[in-house]
Amino acid sequence: MPLLVMKFGGTSVGDLARIRNAAEKVRREVERGFDVIVVVSAMSGKTNELVGWVEQTSPLFDAREYDAVVSSGENVTAGLMALTLQEMDVPARSWQGWQVPLKTTSAHSAARIEDIPRANIDQKFAEGMRVAVVAGFQGISPEGRITTLGRGGSDTTAVAFAAAFDAVRCDIYTDVDGVYTTDPRIEGKARKLDRIAFEEMLELASLGAKVLQTRSVELAMRYKVKLRVLSSFDETDENSGTLVCDEEDIVEQNVVSGVAYSRDEAKMTLISVADRPGIAAAIFGPLARAGVNVDMIVQNISEEGRTDMTFSCPVNQVPRAEDAMEKARASGEINFHGLVADTDVAKVSVVGIGMRSHAGVAARMFESLAAEGVNIKVIATSEIKISVLIDRKYMELAVQALHDAFGLDKAA
Ligand code: ASP
Ligand code: MG
C-alpha cells in the first residue's frame, strides 16, 4: 500500500480535542488507502517546561539525563494519538524512538539520525496495522541511551521516516496554512506560496522562517522527499498548503520567492588589526572554538598595514565573542585597537533561485532600501540570496519595501 507520513506539531496536539482533530485527518488518509506513519511533537509548551525543570534541577546538567527528560513529552502524545485512533477503529500503535529503533549518534541534545531499520514497523503493517504513531524528536544512541535531535527535531524525524519508508509525501501539519513570501505579521500583503524549491526553503529556514527545522529541509532535499506544510486547523485536501519540492517541479518561478528577517543579530568590529597573512584565521579560529556562529564577514581595505574586520553573529553570543577576542589579544595571537559591538541591528534577506539567471537583483534591492532612507551596514550574498544588515528600527520598513519591490505583494 502507498505510505504517507503525517507530522503534527505541538499546537496541533495541544489538547485532547486537537489530538482528535488530528486523528480525524489521519483516518481520512487511511480511508483513501494509505498506510500512515504519524510523527507527533509534544503538546505545545511541554518541551519548554521539561527543559526548565532540568535547568532548575541541575544547571550544568548531564546531557543524557536532559534527553531522558525532554524526550518524554512526545511519549505522551504518541500514546494518546494511538489510543484516539483505536477509538475510531483504526488499527494503530505507538512507537518510541528506541522501539523502532531510530538510531542516532551520541551527540546528546543535538543527535543526528544514522539509520531507521524498517523491519519492526513493516512487520506490523503486514499484520494489518494501518497507522504507526512515532514519537518525534527522539532516538537511541549506540550506547543505548535516549537521545534528542535538537529543538524542532520532530520535523526531521518525519522527513527521515518518509525517506526510509519511501513515502509518497511527508505532510507537516502546523498552525499556519503554508509558507509565506514573508511574515504576514510584518507585511499584511504577504502571500502563501503554492510551491517553493528545497534550496529556497533551506535559506528561508536558516534565515529565521520558523516553520521547519533547517535540518529537516536538508534531509528532504538530499533524499528528494516531497514535503508539504499545511494547517491542522483548516479543512485540507491534496492542494492545501505549500509543497516544498525540486525546482524542476515549479512552473512559475519568481526571481525572488521570499523576504526573510532576523532580529537577533549583532555586528562586531575589530578596529585596526594588523593586516597580514593568517590574520583572518587568527580571529575566526578562536571565535569558532568559543562556539560563536559567525555569519557575515567584511574586511576593509587596509591602510598602512592595518585594517578593520567586521562580522555578524547572534546577539546572545556577543559576550562570548568579546571574551574570545580579549583572550586572543592577551595571548598575543592578534592585536587591535578596539572592539565595537552594535547590538541594534537586524538582517533582512531576499531569497530566490531565479537569481541564478537574473542580473540586477542586488541593484534593485539596494535602490529600494535607499528610497526608504535605510542605511546598509553589511552585505552578504550567495547564489540564491542577498542579505543586508541594517538598523533594527528599520527592519519592518525594509521587509515591506522589498516585498513590494520584488512584486510579492498580493493583489489588493
Ligand atoms: N518537542 C520538541 C520541541 O519543542 C520537538 C518538536 O516539537 O519538534 O523542540
Ligand atoms: Mg516546529
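Read the numbers this way: they start at 1 and go in the same order the structure lists the ligands and their atoms. All values derive from a computational prediction rather than experimental measurement.
- When atom types are taken as modelled, the side chain of D342 and the backbone of D344 share a donor-acceptor pair closer than 3.5 angstrom.
- Judged by the shortest distance from any of its heavy atoms, G73 lies outside the 4.0 Å radius around the atoms of ligand 1.
- Under a 4.0 Å heavy-atom criterion, G10 is not in contact with ligand 1.
- Atoms of ligand 1 lying under 4.0 Å from any heavy atom of F137, numbered from 1 in the order shown and given with element: 2 (C), 5 (C).
- By the 6.0 Å contact criterion, CD on E87 is open, its count of non-hydrogen atoms from other residues, nucleotides or ligands being 12 or less.
- A salt bridge is defined here as a Lys NZ or Arg NE, NH1 or NH2 lying under 4.0 Å from an Asp or Glu carboxylate O, and K224 with D246 meets this definition.
- The environment of OH in Y394 is sparse: at most 12 heavy-atom neighbours from other residues, nucleotides or ligands sit within 6.0 Å.
- Using a 4.0 angstrom heavy-atom cutoff, E74 counts as in contact with ligand 1.
- A 6.0 Å sphere centred on NZ of K377 holds more than 12 heavy atoms belonging to other residues, nucleotides or ligands.
- Protein heavy atom at the shortest distance from atom 4 (O) of ligand 1 is R151 NH2, 2.9 Å.
- Protein heavy atom closest to atom 6 (C) of ligand 1, with residue, atom name and distance, is S154 OG, 3.3 Å.
- Set against the non-hydrogen atoms of S41, the atoms of ligand 1 under 4.0 Å away are 6 (C), 7 (O), 8 (O).
- Between the CZ atom of F406 and the CG atom of D409 there is a distance of 12.5 Å, given to the nearest 0.5 Å.
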